[in-house]
Novice: 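First the structure, which I've put down as structure tokens, then a few questions once you've had a look.
Quick note: numbers below take in every heavy atom, side chains included, and nothing from hydrogens, waters or symmetry partners.
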Amino acid sequence: MWGSHTRPRRALAGVVALTCLFAAVAMALAPAPALAAGQGLNMYRLYNPNSGEHFYTSNLGEARNVFGAGWRWEGVGWVAPSSGDNVYRLYNCFAGDHHYTLSTHERDVLVSKGWTYEGVGWKSGGGVSVLRQYNPNAVAGTHNFTTSTGEDSALGAAGWRREGKAWQALSTRAFAIQGFWAVSSGWGSLERYWVASDAQIARNRIVSTSEGAGYTALALGDGRILRGTMDAGDWRVWLADNDGRLATGSGWRVTGDYDEGRMRRYWLESRGAYAVARAGIFDVDGALYHADGDTGYVLCGCLHEHDGSWWTSDADGVMHWQCGISNEGSDLGRAVADACRWVESPGYGWCAAWVTNVYGEAGAGYFGGNACDMYDDWCWSDNICDLRVGMLVSVRTHSRTEAGSKWGHVGIYVGNGQVMDNVGDIRTISMVDWFNYYQPAATSGDGVRWGYAGNAA
């Protein structure tokens with residue numbers, strides 16, 4: 001009996017009353033289900049990840065509104081005839097649940113129990129059975145409707161009651177629609193999606209102006225439209241603004257569109273309707289540039305390693321050769337570098353204590369203080385050509401961590417373009433990455449500098 005499917009009303013009557021009032025207003029504002037004359041109607045299916053309810057409507061405008069309210073778009077569930085038996089639509093404002101039925105008796109029983117009757121949702125008729133399943137453990141989303149026998153069987157195996165045929169549908173394929181943009185939080189964060197003419201979310205392809213999108217965009221595998229940057233392979237990077245518009249044009253472009261408003265420089269290669277940015281080290285008119293492999297923006301004011309040499313880039317990103325990568329160092333400096341490889345971490349936040357221990361174990365002497373002290377006392381050069389094995393590499397203070405904003409950070413250059421430091425464990429990192437991470441975040445002093453502790457070597 002249908003009566004066994006009902007659920008007790010929740011407590012907090014005032015909250016429930018407001019919920020019902022809101023639902024009634026929302027339904028009054030929603031477009032009425034369309035039952036136009038013709039060959040049939042798409043039945044759009046959406047899913048609420050919070051309540052577990054599926055929602056079905058023949059009205060594309062209503063479906064779009066529900067999608068934008070945070071439901072997941074599942075395309076067309078079936079095609080309903082434009083004439084036939086009535087399928088009635090009801091809403092339970094206490095549970096936040098819709099129900100659909102051919103039965104006038106079931107409709108009237110639900111209305112007597114407080115459900116809101118919302119009229120005829122669509123029609124029943126045709127050679128395809130729409131199957132109905134019931135979840136006895138749910139409060140909302142208690143019923144599911146599908147033409148898929150596989151879904152029917154899977155839900156049955158998961159504990160749902162398989163209730164057989166709910167109504168009939170046409171065997172007609174889904175009708176084409178005008179594609180549309182939607183912004184929804186149905187899969188977590190608020191993202192932009194393109195629903196194409198087949199009523200499916202575009203995935204793993206370019207969305208083009210020819211399909212009515214208004215601009216060119218990239219749909220990812222999960223349906224999200226790319227916003228920001230993404231590796232395109234072959235040392236190229238996709239660029240898309242916050243609405244998903246892919247970059248266009250060719251040559252130099254300076255913009256804040258692709259990095260949260262930060263003004264960046266890009267070298268674009270046109271691919272017709274869109275462009276990609278060069279990444280890695282490349283030549284333009286005889287000058288070398290280095291663009292980040294993940295974001296595509298040209299690195300300006302940075303340190304670079306290329307062909308066994310140190311290079312620096314100016315404010316326009318042009319790379320300038322400095323000198324060969326240094327592996328030089330005194331015997332004591334090499335002993336310091338060797339000690340880096342076996343002196344253990346004293347714990348997170350103790351970068352200077354680790355340096356003190358390394359120098360002590362190498363026989364160089366005791367040099368205490370925090371990273372800020374070591375920077376002031378022993379780090380005298382910012383010329384990369386002065387860098388030698390065993391030198392401290394330090395930033396006086398920086399904005400990357402709370403501790404760093406007070407005490408700075410220090411490591412040791414161990415040769416072959418590598419720095420070792422204590423970040424809770426002992427890390428080996430390229431000098432280029434170390435420098436380019438801390439240099440732009442330096443908040444006092446002259447940026448990253450280096451030198452031997454105590455001028456010991």
Novice: Could you tell me how the ring of Y56 sits relative to the ring of W78: parallel (under 30°), tilted (30 to 60°) or perpendicular (over 60°)?
Specialist: tilted

Novice: Could you work out, with side chain to side chain contact (heavy atoms under 4.5 Å, CB included) as the rule, every residue matching V423, not counting sequence neighbours?
Specialist: H409, D421, D425, R427

Novice: Report the distance from atom CE of M230 to atom CH2 of W238, rounding to the nearest 0.5 Å.
Specialist: 7.0 Å

Novice: Taking only residues two or more places apart in sequence, or in another chain, which ones meet Y266 in a ring pair (Phe, Tyr, Trp, His ring centres under 6.0 Å)?
Specialist: Y258

Novice: Are the side chain of R245 and the backbone of D243 linked by a donor-acceptor contact shorter than 3.5 Å?
Specialist: no

Novice: Classify the ring geometry between H99 and H143 as parallel (under 30°), tilted (30 to 60°) or perpendicular (over 60°).
Specialist: tilted

Novice: Rounded at 0.5 Å granularity, tell me how far NE2 in H54 sits from CG in D97.
Specialist: 12.0 Å

Novice: Report yes if some heavy atom in the side chain of F367 is under 4.5 Å from a heavy atom in the side chain of L392; otherwise report no.
Specialist: no

Novice: I'd like to know if the side chain of T248 and the backbone of A275 have a donor-acceptor N/O pair within less than 3.5 Å.
Specialist: no

Novice: Measure the CH2-CH2 distance between W450 and W380 for me, rounded to the nearest 0.5 Å.
Specialist: 10.0 Å

Novice: Validate the cation-pi geometry between R449 and Y375: distance from NZ or CZ to the six-membered ring centre under 6.0 Å, angle to the ring axis within 45°.
Specialist: yes

Novice: Evaluate T229 against Y297 for side-chain contact (heavy atoms from CB on, under 4.5 Å), listing each step before the verdict.
Specialist: CA-CA 10 Å; T229 64; Y297 63 73; over 6 Å; no

Novice: Strictly by modelled atom types, are E328 and S326 linked by a side-chain donor-acceptor pair under 3.5 Å?
Specialist: no

Novice: Does R400 make a cation-pi contact with Y437, if we ask for NZ or CZ under 6.0 Å from the ring centre and within 45° of the axis?
Specialist: yes

Novice: Are W73 and F180 an aromatic pair by the rule of ring centers under 6.0 Å?
Specialist: yes

Novice: For a side chain to side chain contact (heavy atoms under 4.5 Å, CB included) with N436, tell me which candidate from D292, V448, L303 qualifies.
Specialist: L303

Novice: Would you tell me whether T443 and S399 have side-chain atoms, one donor and one acceptor, within less than 3.5 Å of each other?
Specialist: no

Novice: Check the side chains of Q322 and T312 for a donor-acceptor pair under 3.5 angstrom, ignoring hydrogens and angles.
Specialist: yes

Novice: Between R262 and E260, is there a salt bridge with N-O shorter than 4.0 Å?
Specialist: yes

Novice: Less than 6.0 angstrom separating the ring centers of Y289 and W252, yes or no?
Specialist: yes

Novice: Check the side chains of T295 and D259 for a donor-acceptor pair under 3.5 angstrom, ignoring hydrogens and angles.
Specialist: no

Novice: Can you tell me how the ring of Y438 sits relative to the ring of W434, calling it parallel under 30°, perpendicular over 60° and tilted otherwise?
Specialist: tilted

Novice: Do L60 and N42 have side-chain heavy atoms sitting under 4.5 Å apart?
Specialist: no

Novice: With heavy-atom distances below 4.5 Å as the criterion, would you say the side chains of H304 and L288 are in contact?
Specialist: no

Novice: With ring pair (Phe, Tyr, Trp, His ring centres under 6.0 Å) as the rule and sequence neighbours excluded, what pairs involving residues 188-213 come up?
Specialist: F67-Y193, W181-W194, W187-Y193

Novice: Can you tell which of I426, I429, I412, V393 makes a side chain to side chain contact (heavy atoms under 4.5 Å, CB included) with M420?
Specialist: I426

Novice: Examine distances only and state if a side-chain atom of D222 and a backbone atom of R224 form a donor-acceptor pair shorter than 3.5 Å.
Specialist: yes

Novice: Hey, can you tell me if H98 and Y91 have their rings parallel, tilted or perpendicular (30° and 60° cut-offs)?
Specialist: tilted

Novice: Check whether more than 12 heavy atoms from other residues, nucleotides or ligands sit under 6.0 Å from atom OH of Y348, and answer yes or no.
Specialist: no

